[in-house]
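Heads up: the structure comes next, in structure tokens.
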Amino acid sequence: MTAAGSAHGLDVVTFGEVMAMFVAGEAGPLERVKGYTLALAGAETNVAIGLARLGHRSGWVGRVGAEPFGRFAVAELSASGVDTSLVTIDPEALTGFALKSRAEGGDPQVVYYRKGSAGSRLAVTADSDAYISTARHLHLTGIPLALSETTRAFALRALDIAREAGATISFDPNLRPNLWPDRQEMIDVTNACAARADWILPGLSEAATLTGFTRVEDVAAHYLDSGATMVVIKEGGRGASLHTRQGSWSRPVFSVTVVDTVGAGDGFATGFISAQLDGLTPAASLERAAAVGACAVTSSGDKDGLPDRSQLGAFLASAPSNG
């Protein structure tokens with residue numbers, strides 16, 4: 001495992017499940033596709049890789065199998081500059097994988113093979129506590145809350161550790177209803193975690209599920225009243241808005257040719273966290289978030305379109321906005 005962080009810790013730590021992803025090389029039903037390309041999948045690993053490409057020191061905590069998919073995942077993360085020193089090799093479980101259809105400009109079909117995976121066996125250790133405690137920022141999503149009892153316990157412990165250490169915390173609900181046994185449990189547990197984060201990044205539709213509110217203003221007020229300092233609400237093609245106690249900002253999406261929508265939210269989170277680490281204003285933070293999210297949808301791989309600093313600068317200099 002590589003160790004990109006310094007003795008003073010990383011800029012950002014995140015955690016979750018990583019999977020191998022087989023991306024269809026041709027259009028049509030997955031059962032009829034003959035050729036696939038091997039890629040990496042995982043909301044949290046997308047963010048870790050995106051932040052590393054932008055020059056931030058990022059680390060990912062997870063568990064993979066002692067088999068080809070596990071070795072592939074660690075190699076991809078390490079090659080992208082992500083610290084993998086807290087990745088655990090599980091000798092008894094396999095790394096999950098997924099099949100993804102050729103999107104052709106929209107939402108692809110994704111079929112997951114993850115039950116009982118190594119990633120679902122992530123558990124708290126003294127080393128993981130120490131690792132999280134030295135980071136400037138913790139990013140988490142709602143996916144580990146749903147995978148297993150141990151991954152949920154890990155998420156709750158990570159929140160405690162980061163809060164005690166004085167780190168900032170971002171939370172993307174990233175709802176996966178099919179992973180939850182009960183809808184109300186999903187709402188209750190996800191909202192409980194949101195209430196312990198500083199920056200909440202929901203999509204408007206999932207925020208409606210979680211809060212019962214359908215208006216941006218009401219969703220923002222709900223999470224600000226719950227304790228968040230910033231609420232960033234994504235509305236797909238309509239853009240996004242950022243809300244604090246001091247005011248609200250909004251911006252449209254960038255005009256790009258969409259290849260595959262998977263990873264757009266992870267790119268958005270990457271851009272927003274990066275901007276906050278760099279001390280940018282709310283308006284500039286929204287711009288960077290929207291730009292990285294736009295770059296993410298221009299390729300078929302979940303992480304392939306995530307830009308480095310030079311690419312991001314070139315994109316911002318040349319890409320027009322909708323609206």
Rounded distance (nearest 0.5 Å) linking atom [atom1] of [X] with atom [atom2] of [Y]:
X	Y	atom1	atom2	answer
Lys115	Leu94	NZ	CG	14.5 Å
Arg114	Ile143	CZ	CD1	6.5 Å
Arg251	Ser241	CZ	OG	12.0 Å
His137	His56	NE2	NE2	10.5 Å
Leu280	Ser285	CG	OG	5.0 Å
Thr84	Trp60	OG1	CH2	9.0 Å

Minimum heavy-atom distance between [X] and [Y], given as atom pair plus value:
X	Y	answer
Arg121	Glu92	NH2-OE1, 3.3 Å
Leu145	Cys193	CD2-SG, 3.6 Å
Leu51	Ser58	CB-CB, 4.3 Å
Val64	Ala73	CG1-CB, 4.5 Å

### Message
As a quick check of understanding, evaluate side-chain contact (heavy atoms from CB on, under 4.5 Å) for Ile187 and Gln184, giving each step before the final call.
### Response
CA-CA 5 Å; Ile187 293 170; Gln184 192 58 50; 4.0 Å; yes
#### Entry: Sole residue of Trp199, Trp249, Phe272 in side chain to side chain contact (heavy atoms under 4.5 Å, CB included) with Val232
Phe272
## Note on the structure
For Ser128, the side chain to side chain donor-acceptor pair (under 3.5 Å) test, sequence neighbours excluded, returns Thr125
### Message
Are Arg196 and Ile169 packed together at the side-chain level, in the sense that at least one heavy-atom pair is separated by less than 4.5 angstrom?
### Response
no
### Query
Can you check side-chain hydrogen bond (donor to acceptor under 3.5 Å, both in side chains) on Ser133 and Glu164, steps first, answer last?
CA-CA 8 Å; Ser133 71; Glu164 291 168 5; over 6 Å; no
### Cationic N near anionic O, under 4.0 Å, Arg152 to Glu185
yes
### Message
Any salt bridge linking Asp11 with Arg136? Criterion: basic side-chain nitrogen under 4.0 Å from a carboxylate oxygen.
### Response
yes
### Query
Heavy-atom count around Arg238 CZ within 6.0 Å, excluding the residue itself: above 12?
no
Ignoring hydrogens and angles, write down the donor-acceptor pairs under 3.5 Å from the side chains of residues 215-226, residues two or more places apart or on other chains.
from, atom 1, to, atom 2, distance (Å)
Arg215, NE, Asp218, OD2, 3.1
Arg215, NH2, Asp218, OD1, 3.4
Tyr223, OH, Asn191, OD1, 3.0
Asp225, OD1, Arg245, NH1, 3.4
Asp225, OD1, Arg245, NH2, 3.0
Ser226, OG, His222, O, 2.9

### Task
Show your reasoning for whether side-chain hydrogen bond (donor to acceptor under 3.5 Å, both in side chains) applies to Glu67 and Thr95.
CA-CA 8 Å; Glu67 30 68 29; Thr95 308; 2.5 Å; yes
### Query
Between Gln276 and Thr168, is a side-chain hydrogen bond (donor to acceptor under 3.5 Å, both in side chains) present by the stated rule, with each step listed?
CA-CA 10 Å; Gln276 288 297 302; Thr168 50; over 6 Å; no
### Message
With side-chain contact (heavy atoms from CB on, under 4.5 Å) as the criterion, how do Val292 and Phe315 come out once you've worked through the C-alpha distance, each side chain's angles and the decisive distance to 0.1 Å?
### Response
CA-CA 9 Å; Val292 179; Phe315 178 87; over 6 Å; no
### Task
Indicate the ring-plane relationship of Tyr36 and Phe22, choosing parallel, tilted or perpendicular according to the 30° and 60° boundaries.
perpendicular
### Derivation and outcome, side-chain hydrogen bond (donor to acceptor under 3.5 Å, both in side chains), residues Asn178 and Tyr112
CA-CA 11 Å; Asn178 60 314; Tyr112 296 96; over 6 Å; no
### Query
Where the side chain of Thr298 meets the backbone of Cys295, is there a donor-acceptor pair that is under 3.5 Å apart?
yes
### Query
Can Ile49 and Leu77 be said to form a side-chain contact (heavy atoms from CB on, under 4.5 Å), step by step?
CA-CA 7 Å; Ile49 289 170; Leu77 287 162; 3.9 Å; yes
#### Entry: side-chain contact (heavy atoms from CB on, under 4.5 Å) between Thr270 and Arg53, intermediate numbers included
CA-CA 10 Å; Thr270 295; Arg53 287 182 181 171; over 6 Å; no
